[in-house]
Amino acid sequence: MYTQALNDPSSKIATVEEGEEKLNDYFMERISADEKIEPNDWMPASYRKTLIRQISQHAHSEVIGMLPEGNWITRAPTLRRKATLLAKVQDEGGHGLYLYAAAETLGISREEMQQQLLDGKARYSSIFNYPTLTWADIGSIGWLVDGAAIMNQIPLCRCSFGPYARAMVRVCKEESFHQRQGYEILLALCKGSAEQKAMAQESLDRWWWPSIMMFGPHDANSTHSDQSMAWKIKRISNDDLRQKFIDATVPQAHHLGLEIPDPDLKFNEKTGHWDFGKIDWDEFKRVLAGNGPCNRERMEARTKAHNDGDWVRKAALAHAAKQAARKSTRKAA
Ligand code: FAQ
């Protein structure tokens, strides 16, 4: 549903005989005109490669992102909380599925993407390498992590590549529900006992900076941004999205009666934005290099799930082969 090609028959598409340079000119004309690029359209090899990298990284993040919250399904404090968390974690699996399907339209198989993740050749978001130590962390993930994900993904609904943009529309709607359920968990804790409020504050203290890092390096250090902006894959830069997130989130923290763990956080009357302190990029680099608090645990869990699911994949393939054989025998008869 999200991956079908919806080419506009009236759009100008060059033919291979016209040569690479001409093809690229037409491609950039289409990008300037805000046309959607579809899987069977001509596209520069580097555009395809960038999209495969970003979409597969995004898909892996959704799937690995199920682990920190999955950790609390059996320990949710009420049946309502448990049912909601279960649905949320299931949604993340669904997001992974739409995204793998969108990436497959670019000519890479799901098996190959899985293997890249298991071999440590593909990244997933830094944020999922942090532990969920208390129930308040489930609130913080919804409020901050889903909140940051929405901020980053709303502009992706206007991404130049059709299947990715369309997948993002539904993902954003679901993330918006996730964000509210997280905020509501924290609201309940902040209105509760002193211990519950302290638990919420302690959780915010741990999750604030990693959430800020989710937006990626500063624009000056972002290797892919310039090209991705020119291709309209990215519409808003890492730093601008980070600032938008901080501006939206600080008042929400105040409403909860919580303090953001940043002594340099200050509203700037001149710019109308919240100025904030220095990000610890050494920590970000450590996590990206595989040395965050839970990198090993996450990859072990993912590898185990993949290996445990081997018989399911084999059984599904055997079933499909049997069905196909029956169909061809029926046709021949
Ligand atoms: N973590 O040049 P840039 C979610 C890497 S979904 C790890 O700025 P780019 C839902 C980057 O890959 C969260 N690596 O790169 C949920 C590159 O490395 P490479 C995931 C990062 O691509 C909620 C290098 O640094 N969302 O949370 C990170 O232009 C709750 C240089 O960076 C997406 O993936 C990072 N945070 O911009 C699920 C959204 N940041 O490949 C469960 C789509 C940067 O050269 C529970 N992706 N790197 O080796 C994007 O928008 C972009 O890819 C960025 C990075 C903005 C993440």
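Predicted, not measured: the structure shown is a model, and the values here were computed from it. As the structure lists them, so they are numbered: ligands from 1, and atoms in each ligand from 1.
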Query - Summary of salt bridge (Lys or Arg N to Asp or Glu O under 4.0 Å) pairs that have at least one residue in residues 194-216, sequence neighbours excluded - result: Asp137-Arg206, Glu202-Arg206

Requested in this report: Check the angle between the aromatic planes of Phe267 and Trp274 and answer parallel, tilted or perpendicular using the 30° and 60° thresholds.
Outcome: perpendicular

Query raised in the report: Is Leu288 touching ligand 1 with its side chain, its backbone, both, or neither, if touching means heavy atoms under 4.0 Å apart?
Result: side chain

Query raised in the report: Would Asp247 and Gln243 satisfy side chain to side chain donor-acceptor pair (under 3.5 Å), going step by step from the backbone distance to the final call?
Result: CA-CA 6 Å; Asp247 290 346; Gln243 186 67 59; 3.0 Å; yes

Query raised in the report: Are a donor atom and an acceptor atom from the side chains of Thr84 and Arg80 found within less than 3.5 Å of each other?
Result: no

**Report entry** atom 29 (O) of ligand 1 [closest protein heavy-atom partner, distance rounded to 0.1 Å]
**Finding:** Lys234 NZ, 2.6 Å

Query raised in the report: Taking 4.0 angstrom as the limit, do Asp310 and Arg313 come out as a salt bridge?
Result: yes

Requested in this report: If the plane angle is over 60° it's perpendicular, under 30° parallel, otherwise tilted; pick one for Trp281 and Phe284.
Outcome: perpendicular

Query - Residue selection (non-hydrogen contact nearest atom 32 (O) of ligand 1) among Gly65, Ala149, Pro217, Gly292 - result: Pro217

Report task. Distance to 0.1 Å, residue and atom name: give those for the protein heavy atom nearest to atom 26 (N) of ligand 1. Result -> His58 CD2, 3.8 Å

Requested in this report: Begin with the C-alpha distance, continue with both residues' side-chain angles, and end with the deciding distance and a verdict on side-chain contact (heavy atoms from CB on, under 4.5 Å) for Gln179 and Val145.
Outcome: CA-CA 8 Å; Gln179 198 264 356; Val145 177; over 6 Å; no

Query raised in the report: Would you say Phe128 has any N or O atom under 3.5 Å from an N or O of ligand 1, going by distance alone?
Result: no

Report summary line: atom 18 (O) of ligand 1: closest protein heavy atom, distance to 0.1 Å, is Arg123 NE, 3.1 Å

Query raised in the report: Does a side-chain N-to-carboxylate-O contact under 4.0 Å join Lys232 and Glu35?
Result: no

Query raised in the report: Which atoms from ligand 1 have a heavy atom of Glu175 less than 4.0 Å away?
Result: 10 (C)

Requested in this report: Identify, for atom 15 (O) of ligand 1, the protein heavy atom at the shortest distance, and state residue, atom and that distance.
Outcome: His224 CD2, 3.6 Å

Query raised in the report: Between Lys88 and Glu92, does at least one N-O distance fall below 4.0 Å, as a salt bridge requires?
Result: yes

Query raised in the report: Which heavy atom of the protein is the closest neighbour of atom 12 (O) of ligand 1, given with residue, atom name and distance?
Result: Gln57 OE1, 2.9 Å

Query - For Gln114 against His60, the heavy-atom pair lying closest together - result: N-CE1, 4.4 Å

Requested in this report: State the atoms of ligand 1, each with its element, that fall below the 4.0 Å cut-off from a heavy-atom position in Lys88.
Outcome: 30 (C), 46 (C)

Query raised in the report: At a 4.0 Å threshold, what atoms of ligand 1 neighbour a non-hydrogen atom of Glu62?
Result: 6 (S), 10 (C), 16 (C), 38 (C)

Query - Heavy-atom closest contact (Ile108 atom, Ala103 atom, distance) - result: CG2-O, 3.6 Å

Requested in this report: May I ask whether Ser228 places a heavy atom under 4.0 Å from ligand 1?
Outcome: no

Report task. Go through ligand 1 atom by atom and flag the ones less than 4.0 Å from a non-hydrogen atom of Asn238. Result -> 8 (O), 56 (C)

Query - Under 4.0 Å to a heavy atom of Glu69 - the qualifying atoms of ligand 1, by number - result: 46 (C)

Query - Derivation and outcome, side chain to side chain donor-acceptor pair (under 3.5 Å), residues His224 and Gln54 - result: CA-CA 10 Å; His224 304 289; Gln54 178 167 327; over 6 Å; no

Report summary line: Between Ala165 and Lys36 the two heavy atoms that sit nearest each other are CB-CE, 3.7 Å

Query raised in the report: How does Met214 reach ligand 1, if at all, at less than 4.0 Å between non-hydrogen atoms: by side chain, backbone, both, or neither?
Result: both

Requested in this report: Indicate yes or no: does Arg166 engage Glu38 in a salt bridge with an N to O separation below 4.0 Å.
Outcome: yes

Query raised in the report: Where is the nearest protein heavy atom to atom 31 (C) of ligand 1: which residue, which atom, and how far?
Result: Thr223 OG1, 3.5 Å

Query raised in the report: Do any non-hydrogen protein atoms sit less than 4.0 Å from atom 44 (C) of ligand 1?
Result: yes

Query - Under 3.5 Å: N/O of Arg53 near N/O of ligand 1 - result: yes

Report task. May I ask whether Met66 has any heavy atom positioned less than 4.0 angstrom from an atom of ligand 1? Result -> no

Query raised in the report: So is Ser222 polar-close to ligand 1, meaning N/O to N/O under 3.5 Å?
Result: yes

Query raised in the report: Does Tyr164 reach ligand 1 with a nitrogen or oxygen that is under 3.5 Å from one of the ligand's nitrogen or oxygen atoms?
Result: no

Query raised in the report: Can the ring centroids of Trp143 and His255 be said to lie less than 6.0 angstrom from one another?
Result: no

Query - Sub-4.0 Å heavy-atom contact, Met213 with ligand 1 - result: yes

Query raised in the report: Which ligand 1 atoms does Tyr124 reach within 4.0 Å, using its non-hydrogen atoms?
Result: 1 (N), 7 (C)

**Report entry** Nearest-neighbour protein heavy atom for atom 40 (N) of ligand 1, which is reported as residue plus atom name and distance
**Finding:** Gly216 CA, 3.3 Å

Report task. Pull out every atom of ligand 1 sitting under 4.0 Å from any heavy atom of Asp146, numbered as shown with elements. Result -> 23 (C), 30 (C)

Query raised in the report: Nearest protein heavy-atom contact for atom 39 (C) of ligand 1: which residue, which atom, what distance?
Result: Asn152 OD1, 3.1 Å

